[in-house]
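Let me begin by presenting the structure, written as structure tokens, before commenting on it.
In what follows, every heavy atom counts, from backbone to side chain, and hydrogens, waters and symmetry copies are set aside. Remember, it's a predicted structure, so these values are computed and weren't measured experimentally.
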Amino acid sequence: MSNKKSDFGKIKMSDNNLSENAVKDFTGFLGFDENDKPNLLFEEDGSVKKEGYRIVVKNGIITVYSSEPSGAFYALQTLKQILYQGKMILPEIEINDFPAYPYRGFMLDVGRYFYSVADVKIFIDRMALHKLNVFHFHLTEDQGWRIEIKKYPLLTQIGSRRSHTNFNNIPYGGFYTQEEIKEIVDYCHSKYIKVMPEFDIPGHSRAAIAAYSYLSCFPRELPVATHWGVKKDVLCAGKESTYKFVFDVLDEFCELFTDGLFHIGGDEVPKHRWRLCSDCQRKIKEENLADETELQEYFMNRVYNYLSKRGYQVYMWNYDKLNPKILDENIGFSLCSGEPGKRRCVDTFSHAYYLDLPYGYTSLENTCNHKIKGETGAEVQVWTEYIPNMKKADSLIYPRMGAMCETVWKGENNYKDFLKKLPAYYSLLDKMKISYSTGESKMTPKGIRKKLSIIYFEKRQLDWEGLNILIDDKIIEKRAKAENK
């Protein structure tokens with residue numbers, strides 16, 4: 001290529017098969033005038049790798065080659081960056097680019113704090129800028145049920161609202177109608193992003209139990225959880241009525257989410273109630289299971305089988321499943337720790353990709369230097385116990401998400417090199433009006449600064465219901481003893 005440079009202050013796109021939102025995303029970002037004739041051309045080229053692209057700038061023309069629309073869309077994301085940083089002037093160049101991993105995800109928890117449709121679309125726009133392609137939508141939690149299920153209206157009438165949060169006295173709630181869910185899914189598709197919903201079971205189900213008490217081992221009137229932390233009341237794995245409920249809910253989920261990905265939670269399932277429950281103990285004997293741990297895996301297998309027959313790749317968290325006994329080998333792991341073995345996994349390591357955690361736990365250095373486990377890809381997590389709004393989210397997400405995206409797209413990254421790229425990255429975030437953290441001592445704290453960051457985070461654990469949980473355990477134990485006489 002020559003040293004010749006061309007001014008692209010005016011751009012006209014040729015005919016293409018990009019979505020309307022994809023085109024608006026590009027033109028809106030740069031705000032350029034339209035050229036007299038097309039000078040941004042799109043060509044289909046079957047030799048370009050999946051999701052990849054080739055950009056050629058020559059004689060005042062930009063030509064984008066791709067084998068599918070997503071590749072052309074990612075080319076536009078690169079063009080946004082280099083045109084903005086080059087002040088709309090480009091040299092004659094050729095860029096050949098494609099992702100190292102097929103799964104590049106972002107998880108948003110709306111169970112703890114609810115985010116409006118408009119806010120969710122902002123997250124999706126930012127995913128697209130970073131060339132992420134899977135939106136993991138965590139929709140059900142102890143503290144709130146966030147999706148309309150028409151067969152079970154109490155899930156949103158009761159389950160979507162809690163009386164307060166931790167020690168305040170302010171009611172809180174929110175949910176998405178099915179029409180709003182369709183709007184979010186369609187918006188994702190317009191940015192070439194698949195949606196993986198999460199129906200978190202059998203734990204993290206207090207909101208569902210508050211709505212339909214028969215789902216628990218010991219039916220009683222329980223409120224939607226008001227404090228953070230793991231709850232002892234989980235779905236009863238012994239009653240067939242529980243499975244009917246789960247499958248009914250899945251039927252409605254599957255009508256809304258059609259991308260072939262489904263997350264079923266499966267983590268943090270205390271066994272206290274199951275050990276005391278006559279129905280659960282009966283199920284263990286009927287199915288020749290060894291214990292409550294195998295009962296949990298039996299539960300997950302039934303849910304997996306129901307979804308796999310509909311063509312879904314199913315994932316679950318691996319927190320308490322590092323050495324599964326009877327868990328179906330085709331269930332993928334969201335790998336929070338440990339090694340993947342032969343099982344399909346998406347790397348979600350907490351020390352690298354839990355962006356809700358303070359920098360003392362998940363430093364920018366950790367995010368940059370983490371080596372992705374397995375061959376599928378990686379995903380950043382935004383749990384929202386302590387992230388009630390976009391402003392707080394931004395300061396924790398960025399620049400760590402940029403570091404993860406560098407790794408999952410290129411296949412490699414390192415802290416020292418990424419620090420050199422931060423000024424250009426911050427400039428791009430400024431253009432997008434995205435807030436972010438700065439300062440190496442804050443983002444990769446050492447010594448006392450790191451300890452203080454962790455202490456500040458840990459002190460909030462006092463908001464959990466520790467004493468109430470212990471008292472409630474005794475009440476259930478007494479009730480179980482009376483019922484099992």
Side-chain angles (χ1 to χ4, degrees), residues 1-19 22-23 25-32 35 38-104 125-133 191-193 368 377 399 401-414 417-418 420-429 431-432:
M1 293 290 179
S2 71
N3 293 324
K4 181 181 177 182
K5 295 185 178 181
S6 298
D7 188 339
F8 291 96
K10 292 184 178 181
I11 295 178
K12 185 174 183 177
M13 301 170 72
S14 70
D15 292 340
N16 57 75
N17 55 1
L18 291 163
S19 71
V23 173
D25 174 81
F26 179 70
T27 58
F29 177 83
L30 293 169
F32 49 75
N35 200 40
N39 57 351
L40 174 51
L41 310 182
F42 294 87
E43 298 287 346
E44 186 174 342
D45 183 346
S47 69
V48 178
K49 292 188 176 182
K50 184 176 177 63
E51 295 189 289
Y53 60 87
R54 184 169 75 255
I55 298 172
V56 177
V57 182
K58 189 173 183 180
N59 297 328
I61 301 292
I62 303 171
T63 306
V64 171
Y65 299 89
S66 64
S67 59
E68 56 188 6
S70 62
F73 180 69
Y74 297 137
L76 291 183
Q77 306 315 305
T78 295
L79 284 171
K80 282 159 63 172
Q81 296 175 48
I82 62 177
L83 284 166
Y84 172 63
Q85 291 165 2
K87 299 181 179 179
M88 305 304 285
I89 295 174
L90 295 181
E92 294 199 343
I93 55 172
E94 180 172 335
I95 300 172
N96 291 279
D97 199 14
F98 58 89
Y101 293 93
Y103 185 114
R104 306 179 303 281
D125 289 339
R126 295 171 180 181
M127 285 182 64
L129 178 71
H130 289 79
K131 299 174 185 162
L132 299 181
N133 66 351
K191 301 293 181 80
Y192 306 95
I193 293 169
C368 289
M401 190 165 94
M404 172 269 190
C405 294
E406 181 91 349
T407 307
V408 79
W409 183 271
K410 290 178 57 182
E412 60 183 5
N413 194 6
N414 71 78
D417 285 349
F418 189 75
K420 296 174 185 176
K421 299 174 183 178
L422 274 180
Y425 182 51
Y426 285 155
S427 176
L428 183 66
L429 295 180
K431 169 67 174 172
M432 293 287 292

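Judged as a ring-ring contact (aromatic ring centres under 6.0 Å, His included), and not counting sequence neighbours, F418 has no contacts. Among residues two or more places apart in sequence or in another chain, the side chain to side chain contact (heavy atoms under 4.5 Å, CB included) test is passed with I61 by N39, L41, T63. Legend: residues meeting side chain to side chain contact (heavy atoms under 4.5 Å, CB included) with I95, ordered by chain and number and at least two apart, are Y53, I55, T78, I82, I93, D97. Under the side chain to side chain contact (heavy atoms under 4.5 Å, CB included) criterion, E68 pairs with K50, E51, S70, sequence neighbours left out. For F8, there are no ring-ring contact (aromatic ring centres under 6.0 Å, His included) partners, not counting sequence neighbours. The side-chain hydrogen bond (donor to acceptor under 3.5 Å, both in side chains) test applied to N35 returns no partner, not counting sequence neighbours.
For the residue pair L30 and Y84, the shortest heavy atom distance occurs at CD2-N, 4.2 Å. Residues F42 and A72 approach most closely at CD2-CB, 4.1 Å, considering heavy atoms. The two residues G71 and S66 have their closest heavy-atom pair at C-CB, 3.9 Å. For V56 against Y65, the heavy-atom pair with the smallest separation is CG2-CE1, 3.9 Å. Taking every heavy atom of both residues into account, P99 and G52 meet most closely at CD-N, 4.2 Å. Nearest heavy-atom pair, K5 versus P91, reported as atom, atom and distance to 0.1 Å: CG-CA, 3.9 Å.
Taking the side chain as every heavy atom from C-beta outward, L428 and K80 never approach each other to under 4.5 Å. Using a 4.5 Å cut-off on side-chain heavy atoms (C-beta onward), F29 and L79 make no contact. Side-chain contact between M404 and N413 is absent, with no heavy-atom pair separated by less than 4.5 Å. Inter-residue side-chain proximity for M13 and L76 is flagged as met; some heavy-atom pair is nearer than 4.5 Å.
Judged purely by atom type and a 3.5 angstrom limit, R104 uses its side chain to pair as donor or acceptor with the backbone of K131. Put simply, the side chain of N17 never gets that close to the backbone of P69: no donor and acceptor are under 3.5 Å apart. For the pair N96 (side chain) and E94 (backbone), a donor-acceptor distance under 3.5 Å is absent. Side-chain N or O atoms of Q77 include none that pairs as donor or acceptor with a backbone N or O of H130 at under 3.5 Å.
Summarising the geometry, atom NZ belonging to K191 is positioned 5.5 Å from atom CZ belonging to F73; distances are rounded to the nearest 0.5 Å. Rounding to the nearest 0.5 angstrom, the gap separating the CE atom in M88 from the CD1 atom in I11 is 4.0 Å. Taken to the nearest 0.5 Å, the OH atom of Y192 stands 13.5 Å off from the CG atom of N133. To the nearest 0.5 Å, atom CD of residue E406 and atom CG of residue D417 are 8.5 Å apart. Atom-to-atom distance recorded for S14:OG and L40:CG is 6.5 Å, nearest 0.5 angstrom. Interatomic distance, I193 CD1 to L132 CG, rounded to the nearest 0.5 Å: 7.0 Å.
Between E412 and N414, the side chains place no donor N or O within less than 3.5 Å of an acceptor N or O (distance only, hydrogens not considered).
In F98, the CZ atom is not crowded: 12 or fewer heavy atoms of neighbouring residues, nucleotides or ligands sit closer than 6.0 Å. For E44, the CD atom is loosely surrounded, since the number of other residues' heavy atoms within 6.0 Å does not exceed 12.
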